[in-house]
Amino acid sequence: MLKISTLLCDHHKNFIGLDTLRPSFSWVIISDGTGITQKSYELQISTDQSFGTLFWTSGAVESSQSQNVEYSGPDFSPVTRYWCRVRIVNNRNEQTPWSESVYFETSLLKEESWDAPFISSAADTKPEDSKGWLFHKELQLTSPLKSARLYATSLGVYEVLINGRRIGEQQMTPGWTNYKSRLLYQSYDISGELESGKNTVLAHVGPGWYKGDLAGWVGKRCYYGSRNGISLKILLCFEDGSEQWVESDESWTSCPSPVLYSEIYHGETFDARQESLEHPSSLKVWEPVECLSVSDKMQIRAQDGPLVLPREVLKVKEIIKDSQGRTILDFGQNMTGWVRFSVTGKSGDRVKLKHAEILHPENEFYTDNLRSARQEILYILKGEGTESYQPRFTFQGFRYVLVEEYPGDIRPEAFEAVVLHSRMEPVGTFSCSHPLLNQLHHNILWGMKGNFLDIPTDCPQRDERLGWTGDAQVFISTAASLMDTYGFFSKWLRDMRSEQLPDGGIPHVIPDVLDDAADGDDILGGNHSATGWADAMVICPWETYRKSGDLNILKENYEAMKNWVGYMRHQARDEVIWDSGFHFGDWVALDAKEGSYFGATPNDFTATVFYANSVDLMCRTSWVLGNTKDCEDFSDLYKRIVDAFQKEFFTPSGRLAVNTQTAHILALHFNLTPADYVDRTVNGLVSLLEGEKDHLTSGFLGTPYLCSALSRYGRLDKAYTLLLQEDYPSWLYQVKQGATTIWEHWDGLKPDGSLWSPDMNSFNHYA
Ligand code: BGC
């Protein structure tokens, strides 16, 4: 047996919105033989599914390459569907049949700039308002339609309904990018949604990341703008071959929506007594719209990463009563998304839900660690039959739901929790004979599901949910072993590049909303470029390449990677020891001073290690890209840094001068230990561990490499001892405490039953 499975175009199968003229193709060869390799391939592209006429063929190409084969044919036309298929000949001269044909449809493509205006309600004048707005247009179709497309984006978060039906499954569109310069539009096939005669198009927009509250502790609001808006284009293709574009403009009308309030952190209020979205004839849309001017720096491009989708549905596992007799639903899993429910009652009756990660003390609903995030859903009933509801422009991080108000009996079947995250295909699984390790793996996977909602967030529940660079670089290698993260990270890296400072510096969070947050803050001592955080600019492209083999991620990011390394080079003493600036360092390590988040390993040590690592990755990157001159320069710089590091941090007799677990782990893992001193350094690490009765004290920067550093240097025994430790502090301690995701602190819930301070105590923190 010899066949092709899974032909992908630019890491996708069957999709609308390809935004490049040079996509790449990858396929998987399935065979029951051994030693089978590809000798040649043939790729075909056609505009019809039967391949009656070919748009392009590669012909038989002698090559073993089956991943990321770059397209080299003529330019594609915009908004056109293409089909592709591939077959190969193997090293025994056997040919596969053609693969299943898959399609991609081009976007408006680069040349065609987004020309539809953004419209906003003339009544949307209050920055403090968090309500939803509806935008309305009637479409009259007089001749038979062949196909139709919708392209839409918004200032805020949007959904589109046609004739009362919501278009597409995607949520939280257009996602979160650096709206100062990058906004994405989504493409939809709406051919089946339009009828001859009258059609009602309704766009619904809420505050989202654009206008709503962000970074609660800093109090950002209207960070990108104070008015929500929608911009859309509809392409109607008629049977007679004619085409018509319909766009958002001043002919649309607007009115406030039944969403009285919606905020990412705080939840949503929906008054079902108002206009019905599903029955648009009930709408009293009367307000004029205004065209908004948007910065000409803002580029509007096709969706360039995976969409956020409902991925799983969880049932109520248990109903719990708190000490006041209130009902708490336990979904059995800490997760991110929202609750969908059904309810019957009188007009004006209410359903009020609150969301929390843990119960503490036993069976008490605990929300202090959410800080200012309210995570509340309020639904006001219309009072007609069974009503059902799911939020639109918000998401919650939770396992437990307090049903504060609900008319009638609370039946578990009336509630389900919908898990939202970016669409990524699973690529790795793990299971073993040790149930606690299996649960640990489960918790890691759910940490990923909970925090890969369009951007990699630190946590999904408190008033933060930001794209912290350090967290992402710590986790990326694990993430990419669990799911295909190519598209997810290439999108986020585009934003990172767009936020890079002129001197090469990288903000702490991407998209950056903390640009002035350090002013007056007692933890943040700088707004950008912290070691181990900003290095995401080099580590994330490199890890994405390592897991995918796709050089494009390195090519796209190369200049930005170099610029980040250039920044460090400029900061470092004599270009080699980086001993200045603000750093989070070995964040939340257990060797921190009482009450502090900053671990004991000094900043000049961690900063020089991560600087050396990024330069090392630049050597490799420039080498694989064939940039020989850069490769020589980086190699030379790397040698100088390593030399200086060894002089600075090792005594002449080979003792590592920084006596922390993390310092030993980093010096070993990143190959910074002189060969003669490796044994002594390994022994030093082991004795530090033994000093803690074989427990770790490391934080963000040391922990990721602890077990692998031990196993690599002959102490697999110690790696297992640590991994299998069940008491505090250890990975399995939290598992034994009932964790279903990874905690921010080793001691989020302490052995004496008390909690770490609510200031910063997330129970869903993959880093
Ligand atoms: C986040 C972290 C992040 C850190 C920076 C926290 O508030 O939750 O995970 O990396 O700040 O120190």
Side-chain angles (χ1 to χ4, degrees), residues 213-220 264-265 334 336 357 368-373 397 444 447-448 450-453 455-476 478-479 492 496 499 505-518 521-537 539-540 581-590 592-593 595-601 603 606-607 610 662 698-704 734 741-748 755-767:
D213 288 352
L214 288 175
W217 79 102
V218 195
K220 297 276 181 188
I264 304 243
Y265 298 152
N334 201 12
T336 301
E357 289 187 289
D368 292 358
N369 68 330
L370 304 178
R371 304 196 305 217
S372 69
I444 294 166
M448 177 171 185
N451 284 292
F452 277 55
L453 196 150
I455 61 160
T457 54
D458 54 337
C459 54
Q461 73 299 79
R462 67 180 176 222
D463 56 358
E464 191 148 352
R465 313 183 191 189
L466 301 176
W468 281 96
T469 49
D471 303 46
Q473 77 78 8
V474 163
F475 190 62
I476 185 170
T478 302
W492 187 61
M496 194 179 298
E499 302 266 24
I506 296 288
H508 298 324
V509 297
I510 303 293
D512 185 21
V513 293
L514 299 182
D515 48 353
D516 56 1
D521 187 280
D522 47 6
I523 293 182
L524 278 183
N527 291 319
H528 63 88
S529 306
T531 192
W533 267 249
D535 291 287
M537 186 67 254
I539 295 171
C540 294
F582 165 78
H583 302 287
F584 299 106
D586 194 23
W587 188 246
V588 297
L590 286 170
K593 290 199 185 102
S596 165
Y597 298 102
F598 297 93
T601 309
N603 286 339
T606 47
F610 276 84
T662 286
S698 50
F700 264 44
L701 297 186
T703 307
Q734 34 184 289
T741 40
I742 299 291
W743 299 351
E744 180 170 25
H745 291 271
W746 294 117
D747 53 352
L755 294 173
W756 177 274
S757 143
D759 292 355
M760 195 116 52
N761 198 15
S762 149
F763 290 91
N764 195 355
H765 226 84
Y766 56 58

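Just so you know, ligand 1 is whichever comes first in the structure, and atom 1 is the first atom listed for that ligand.
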field: For T457, the option from N451, D471, T336 that meets side chain to side chain donor-acceptor pair (under 3.5 Å)
entry: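 So, applying the side chain to side chain donor-acceptor pair (under 3.5 Å) to T457 and each of N451, D471, T336, only N451 qualifies.
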statement: Per side chain to side chain donor-acceptor pair (under 3.5 Å), D586 is matched among N603, T606, T662 by T662
field: Trace of the side-chain contact (heavy atoms from CB on, under 4.5 Å) decision for I444 with I742
entry: CA-CA 6 Å; I444 294 166; I742 299 291; 3.8 Å; yes
- request: Give a yes-or-no answer on whether the side chains of E357 and N764 include a donor-acceptor pair shorter than 3.5 Å.
  value: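 Checked: E357/N764 side chains show no N/O donor-acceptor pair below 3.5 Å.
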field: Close residues, ligand 1: non-hydrogen atom nearer than 4.0 Å
entry: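 Close residues (ligand 1, cut-off 4.0 Å): D458, R462, E464, W468, D471, W533, F584, W587, F700, E744, M760, H765.
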- request: Kindly give the heavy-atom pair with the smallest separation between V513 and K220, and that separation in Å.
  value: O-CE, 3.1 Å
task: Heavy atoms only: give me the nearest G467-I455 pair and the separation to one decimal.
output: N-CD1, 3.6 Å
